[in-house]
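Below you'll find the structure, written out as structure tokens, and then a few comments.
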Amino acid sequence: MPKRDYYDVLGISKNASTDEVKSAYRRLARQYHPDVNTENPKAAEEKFKELSEAYEVLADPEKRTRYDQLGFGGIQQDFGPGGFTWQNFSHAADLEDLLGQTDFFQQLFRSGFSDGLFGRPVGRRSGIPGRGSDVEVSVRLPLAAAVTGAEPTLEVPSSQRCSECRGTGALHGTAVDKCPECDGRGQIRRSQSRGFSQLISILECPMCHGTGQRIREPCPTCEGAGVVRRIKKVKVTVPPGIENGAVLRLAHMGVPSDGNGAPGDLFVQVLLETSGRIHRDGTDAFTETRIPLATALFGGQIKVDTITDRALLTIPSGTQPETRFRLRAEGFPRLRSPERGDLIVTVHVDLPDALSPRQSELLHEALGASAARDAPAKKGGLFSRRG
Ligand SMILES: [Zn+2]
Ligand SMILES: [Zn+2]
């Protein structure tokens, strides 16, 4: 299927404001999100992904400018080789009120890590009885962090036993009844007959969520949950060489257990900002620069942007347009290795738009009669395109 223009996808005009982009996306997202399109969820998901890709680009002024100028080629570098994936989607937080709790997002949340949906405990439990929930968060870092590493401090959602009700969830002094659904067991048994055998499954009680209790008057501080949400600060060490989208696991830094179990884990997805001027391919970095004709002809030194800084590049005399130069060890490091890739600089040569009569004369003289005959110095000078 050929890619559709992002403005068409969102049904907006080329000069739509950021607010218009946002409201168009919200409207369509509500219409197409896969949880409401139960008849054909696969098609709805495709559609939803297309909308989200368009939004990812058009909601970001910098990406939008590149898309306006260069089309899909201008934003290729922001996504992986296979194009846009949910990992590239950084605006899910904008939709959380709308979609945050849906099954579709819960699934995304568990299978692929989707940025922005992070920052909430995942499900109730991490699957191990008594263990606290895992938490997923994402952090955005400049591209240079792939070279230098970084130690960002993250605000991680967590929870704590409510001190007001000491975790019971009941207003101080009020009684807690046995849950009538499970008779205080917290679990319900369901048996099914299959021929001669009987299948018994034990499920968490849906009414009391496994606590076995019914609270008559809930604690106002925690609204009966027995736990209060809080934010804790966690310093994360991001190693040099980190790839965009990589996930770091910090054991036991998730939500504390509400019993005697171990805390859950914290998963931190690292999102590296694309710089627009540096492209990454493994450990090598690629960039482009422009030099004036005189530098190409006579040589000289120019400054080029590296990933973290600027470096001097020597241009030898007689440098041809589109020549590539290699700056050793100015690329990206390999994880847990001192080795670094190279920075490859493609040099474009700027030709002057027009020459003064004196310059034309001198160049004619220098380059010989044939040049003068083939390209007479009129409006565009020597460098006007022929035909
Ligand atoms: Zn409480
Ligand atoms: Zn119950």
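Remember, it's 1-based here, ligands and their atoms both numbered in the order they're listed. Values below: every heavy atom of this structure, side chains too, minus hydrogens, waters and symmetry copies.
Taking the Zn ion (ligand 2) as the apex, the angle formed with SG of Cys179 and SG of Cys182 is 110°, to the nearest 10 degrees. Here the angle at the Zn ion (ligand 1) defined by SG in Cys219 and SG in Cys222 stands at 100°, rounded to 10 degrees. Geometry about the Zn ion (ligand 1) gives an angle of 100° between SG of Cys165 and SG of Cys162, rounded in steps of 10 degrees.
Put simply, the side chain of Thr323 gets close to the backbone of Gln320: a donor and an acceptor are under 3.5 Å apart.
The cationic atom of Arg280 (NZ for Lys, CZ for Arg) lies less than 6.0 Å from the six-membered ring centre of Phe332 and within 45° of the ring axis.
Ring geometry for Phe72 against Tyr6 counts as perpendicular: the plane angle is over 60°, on a 0 to 90° scale with 30° as the lower cut.
The structure places CG of Leu141 at 8.0 Å from CD of Glu273, a figure rounded to the nearest 0.5 Å.
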